[in-house]
Protein chains: 2
Amino acid sequence: MPREARYRAIARELADRIRSGDLAPGSRLPTEPELAEHYGVHRLTARQAMVELRTGGLVETRHGSGSYVRALRRRYEVSVDPETRLHPPAVIDDIAARLSGGEEIRSAALRQDPVVAGRLGLPDAEVFEVATLLRMEGVPCVASRYALPPRLADLTVEPTEGVLGALRRLGLDHRYRSHTVSADLAGPEDQELLGSEPGAAVLVREGLLVADEEPLCQVVRRCRGDLVAFTTRYE
Amino acid sequence: MPREARYRAIARELADRIRSGDLAPGSRLPTEPELAEHYGVHRLTARQAMVELRTGGLVETRHGSGSYVRALRRRYEVSVDPETRLHPPAVIDDIAARLSGGEEIRSAALRQDPVVAGRLGLPDAEVFEVATLLRMEGVPCVASRYALPPRLADLTVEPTEGVLGALRRLGLDHRYRSHTVSADLAGPEDQELLGSEPGAAVLVREGLLVADEEPLCQVVRRCRGDLVAFTTRYE
DNA sequence: AAGTGGTCTAGACCACTCC
DNA sequence: GAGTGGTCTAGACCACTTC
């Protein structure tokens, strides 16, 4: 049994102090030189302990300022209707109240994607893709990509109604045919859109919507794992 | 705009080669000394590029052997009944066929937990906690914790039926009252139970089961994000 | 300007894998 | 035993934040 690495022991000790509450959320940890001095190691060794805490999600580091215990984030618990998997109207109002600016359209363009086009039952490879971003109280939380048939390329979306709302306004009464949840790590795109740390957890929800039994829309949502949870309540 | 860090550029170049298929899943990447030589940097700089790829989930490293492009993980798509959120019988049989050893009981003990006890409507803080592990084809996939009223502490569970099956066998016809999904990072416990890498993504499903409108069981499942996805199909 | 974290080089020894 | 990744020290310079 090899003895525990020095940096790992330091990380464990700090992690224990965080979990015990000795180091409170938001408070600043000792600097790297301080840790190195205190434990009698080189700065890089102390630094590696901090890397350990960062990838574990316990700590966040601000360049030039210091490392801080991550605040316990309040999670946005979003209710979902058990039958339809859509948000009940009451919830939509509730969400809207916390939303700043509604569902922001980031881009909308025709794109070649044979796989998704096939899923939508389209004759060609072309799909109309809309990328949106949802913020809760200003914080980016959910990045969505909707793939639609090209005939809907002139779709206009009011921020307050969202893409699915716009479809409904056109008389397309959709519901989910299938719905998948999984977990992934934040890639470069998530970091850019959601402001996730590299290597943070992302909750992925993927669904295929149908209207009149016809495939209408594939939606993929990537949600910040540290901020969002989806709850289904059954009465 | 500061120029891009050397290690980051190297990581990006390797990541592109992986995504383009130039470096196939399962194949070995150049060694750290080779990369250092090739890019004209110190070994630690090349090494940091590998760290980048590891925390991004693209690469896994085996001590003494090398770093390898992570295999495209086949995902276990587990179907869930839309109404009950439980697995339909056909799926249970399907899962059972892939399970090795069924739901393995890791521990079962009485524990003090006022919060969970309150959720179950228990007069005291005591709950009976059962921890289990599910493997798919030998690979640990889902670690569950069931919290039950102490009166069920003599529950016996056949591996093939699972904890929920055992409850049903006792005539407790349960269903979900609420069900939450979220994403988290792998902690030490996940690493031990699920064999997750530090910092890997974990899909968390949490539910409260009721029987005859009485709270019966709180279950928390932590699933390997890279191996498991849950799909609901609506007919 | 002083202090913080971010990057990089140089060189060393150790633990593990594979032959 | 040769080669791989894992850990550690030493020292340097840069970029950012704070004052």
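Lettering of chains follows the sequences in order, A, B, ..., and the numbering in each one begins at 1. Values below: all heavy atoms of this structure, side chains included; hydrogens, waters and symmetry mates excluded.
If you check the side chains of A/R221 and A/Y146, you find a donor sitting under 3.5 Å from an acceptor.
Here the side chain of B/Q48 pairs no donor or acceptor atom with the backbone of B/T45 at under 3.5 angstrom.
Ranked by how close their nearest DNA chain D nucleotide is to the 5' end, B/M50 and A/Y68 are led by B/M50.
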Report task. Please lay out, stage by stage, how A/R106 and A/E104 fare under the test salt bridge (charged side-chain N to carboxylate O under 4.0 Å, His left out). Result -> CA-CA 6 Å; A/R106 304 278 304 186; A/E104 173 193 339; 3.5 Å; yes

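Rounded to an integer number of Å, the gap from CZ of A/R8 to P of C/dA15 is 15 Å. A/E37 places its CD atom 13 Å from the P atom of D/dT9, with the value rounded to the nearest Å.
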Restricting to nitrogen or oxygen on both sides, can you table the protein-nucleotides 1-3 of chain D pairs closer than 3.5 Å?
from	atom 1	to	atom 2	distance (Å)
D/dG3	N2	B/G64	O	3.0

I'd like a list of close polar pairs between nucleotides 10-13 of chain D and the protein, N/O only, cut-off under 3.5 Å.
from	atom 1	to	atom 2	distance (Å)
D/dA10	N7	A/H42	ND1	3.4
D/dA10	N7	A/H42	NE2	2.8

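A cation-pi geometry, defined here as NZ or CZ lying under 6.0 Å from the six-membered ring centre and within 45° of its normal, holds between A/R62 and A/Y68. In this structure, B/R205 satisfies the cation-pi test against B/F230, with its NZ or CZ atom closer than 6.0 Å to the six-membered ring centre and inside 45 degrees of the ring normal.
Side-chain contact check for B/T132 versus B/V163: some heavy-atom pair is nearer than 4.5 Å.
For the OP1/OP2 pair of D/dT4 and a distance below 4.0 Å, the side-chain nitrogens and oxygens of B/R62 include no atom meeting the criterion. The shortest distance between the side-chain N/O atoms of B/Y7 and the OP1/OP2 oxygens of C/dC8 is not below 4.0 Å.
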